[in-house]
2 protein chains.
Amino acid sequence: MCATPLSRQEVACDHCGMFGLCEEAGLSRDMALLERVVHRRTALARRATLFHAGDPFRCLYAVKSGALAAVSGGGQGDGKILGFYFPGDILGLDALESDRYPTTVMALEKSVICRLEYGSVPLLGAHQAGFYQQLIRAMSRQLMAERWTSLLLGTQSTEQRMAAFVLFLSLQLKRRGLPYLEFRMPMTRRDIGDYLGMAMETVSRAISALQKRGFVVLQGRNTKISNLEGLREMAAITSQLPDQ
Amino acid sequence: MCATPLSRQEVACDHCGMFGLCEEAGLSRDMALLERVVHRRTALARRATLFHAGDPFRCLYAVKSGALAAVSGGGQGDGKILGFYFPGDILGLDALESDRYPTTVMALEKSVICRLEYGSVPLLGAHQAGFYQQLIRAMSRQLMAERWTSLLLGTQSTEQRMAAFVLFLSLQLKRRGLPYLEFRMPMTRRDIGDYLGMAMETVSRAISALQKRGFVVLQGRNTKISNLEGLREMAAITSQLPDQ
DNA sequence: CGGCCGTTTGAATTTGGTCAAATCTCGTGG
DNA sequence: CCACGAGATTTGACCAAATTCAAACGGCCG
């Protein structure tokens, strides 16, 4: 009842990172054309991989619901987690230049995605220009997100890193107009550790510390931010990049 | 005699990240038009800032020679270093979406840059499409670079991080066809530390350790990789992203 | 109900940060 | 051309913080 699960929430097309492409630019009136480019709403099971590092690039993907992670190296277990993706995010942007996906992408939980055949974009004809504009904006957004990640990883103490991470998740939700003070984290403690560069046990300890301070309440993956300002202060870093 | 200084090297326009725009697409024949969009070869003194975090976005910049760094927060001293930029790289891509530069960019040494007025791109008329295509490729490349950074920061031991960092620099040079086994690092030990998330002293110790292993020879900023394979093994991480 | 996975907590150990001091480098001005 | 001095680099000693190893606890699914 409490937290709106990050998991179950699905972004509406007009909030989807896929350029607002689907509903926009009159394309919704031309479903036949649209469907030759975008394959909508494919389901993905927990821990299933969408593509592997090194695979040839064909498609961009938009996350409709669920959560995914980009991991370095082959696939499961070993590799470091390089980023998380939530509803509205676009996957595969880093493959455009090299024609190969540089990372493996795995679903953290049951997820739904839309697939866009990049090679079919010319079919959009006059809509191409708008598409590229949207793509550029999406990539710029993605660059900002990566910046955020670097900042997270660079912060000194593990407790500060953890505080920044919770804020990070919260902002992701806020940006999409979802509840952002009470939500469910879709990843395991180990995943968080792989992402933040600390041991799973340290993640657990950092969370406990934040609870003792009264900044958050965490039961398993159910998360409640009880002192947003306190969190912000602790992760002083956060204020160094614009909110969005 | 020994190392080709990373500093002095200037990329030719046709290897420049500014989309190959200047020499390509017949624009070189229309210099009048070109010069209304691109201002070429502006010098920048050591430690001078190109723009500050929060400044309104107007221009993209291409690095012709020298080296620059993106730092979080106001400007000097305090902030964390989020990335380095070398000849051929483009600056400001992360500002397209939010219309503000999210970081401060500072020259690590005397540098030369070209400025592109983003608002003037429509002046390019028919060349716009090609421009956007090039821009998308540049952004994808930048995304890859950020990935690399995350990987660097996530690596466990400081010695591994340092090894990965040297390889990172080496790859930057190799990609541009410059000598990549013997070169000059343009940044201070402190800069490296701010980037890798470790104390300046630790950087120094990590370098010493790599020398004792016979992987590199470093005198001040003059760098020589004497055992590339060894370095690669140590920074096992490195192999997890494609070379380029 | 039992087993399995994920999480939490404890204790010992290692790593890296901090403080301090010596040495080195390079640009500047005499 | 050389001496000087500020800033950069290296090295050592000590200490705080995080990893590792180990074990207990919890919830969820079969």
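First the proteins, then the strands, lettered A, B, ... as listed; each starts at 1.
Distance B/M162 CE to D/dT9 P: 11 Å, rounded to the nearest Å. B/M198 has its CE atom 15 Å from the C1' atom of C/dT18, to the nearest Å. Distance, A/D191 CG to C/dG6 P: 9 Å, rounded to whole Å. Spacing between atom CD of B/E109 and atom P of C/dC26 amounts to 14 Å, rounded to whole angstrom units. Between the C1' atom of C/dT8 and the CG atom of A/L210 lies a distance of 15 Å, rounded to the nearest Å. Rounded to a whole Å, the CG atom of B/N222 is 11 Å from the P atom of C/dT25. Between the CD atom of B/E159 and the C1' atom of C/dT14 there is a distance of 15 Å, rounded to whole Å. Going from atom CZ of B/R161 over to atom P of C/dT15 covers 14 Å, rounded to whole Å.
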(request) Please lay out, stage by stage, how B/D89 and B/R176 fare under the test salt bridge (Lys or Arg N to Asp or Glu O under 4.0 Å). (result) CA-CA 10 Å; B/D89 285 338; B/R176 292 164 177 76; 2.9 Å; yes

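Between A/T158 and D/dA18, a side-chain N or O to OP1/OP2 separation shorter than 4.0 Å is present. Remark: B/R189 is in phosphate contact with D/dT10, judged by side-chain N or O atoms under 4.0 Å from OP1 or OP2. Note on A/S157: every side-chain N or O is 4.0 Å or more away from OP1 and OP2 of D/dA17.
Listed nucleotides D/dT19, D/dT9, C/dG17 differ in distance to B/M200; the shortest reach to its side chain belongs to D/dT9. Among the nucleotides C/dT7, D/dT10, D/dA8, the one closest to any side-chain atom of A/R221 is C/dT7.
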Please list every donor-acceptor pair under 3.5 Å in which a side-chain atom of residues 209-221 of chain B meets a protein atom from a residue at least two apart or in another chain.
residue : atom : partner : partner atom : Å
B/Q211  : OE1  : B/L218  : N            : 3.0
B/R213  : NE   : B/E159  : OE2          : 2.5
B/R213  : NH2  : B/E159  : OE1          : 3.3
B/R213  : NH2  : B/E159  : OE2          : 3.3

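Using a distance-only test at 3.5 Å, with no hydrogens or angles considered, a donor-acceptor pair links the side chain of A/R161 to the main chain of A/Q156.
Taking the side chain as every heavy atom from C-beta outward, A/S72 and B/L151 approach each other to under 4.5 Å. Contact annotation: the side chain of B/S150 approaches that of A/L153 to within less than 4.5 Å [non-hydrogen atoms, C-beta and beyond].
The residue B/T188 sits close only to the backbone: its heavy atoms come under 4.0 Å of sugar-phosphate atoms, none of a base. Within 4.0 Å (heavy atoms only), A/G193 reaches no atom of the nucleic acid at all.
Using modelled atom types and a 3.5 Å distance limit, the side chains of A/T149 and A/Y195 yield a donor-acceptor pair. Side-chain contact annotation: A/S111 with A/Y85, donor-acceptor N/O pair under 3.5 Å absent.
The rotation axes computed at either terminus of the helix from C/dC1-D/dG30 to C/dG30-D/dC1 lie 40° apart, taking five pairs at each end and rounding to 10 degrees.
Partners of A/R47 by salt bridge (charged side-chain N to carboxylate O under 4.0 Å, His left out), not counting sequence neighbours, listed by chain and number: A/D191. In this structure, the salt bridge (charged side-chain N to carboxylate O under 4.0 Å, His left out) partners of A/R41, at least two apart in sequence or on a different chain, are A/E10. Not counting sequence neighbours, the partners of A/E146 by the salt bridge (charged side-chain N to carboxylate O under 4.0 Å, His left out) test are B/R147.
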(message) For nucleotides 20-30 of chain D, give me one character per nucleotide, 5' to 3': B if any protein heavy atom sits under 4.0 Å from the base, S if the only such contacts are to the sugar-phosphate, - if neither.
(response) BB---------

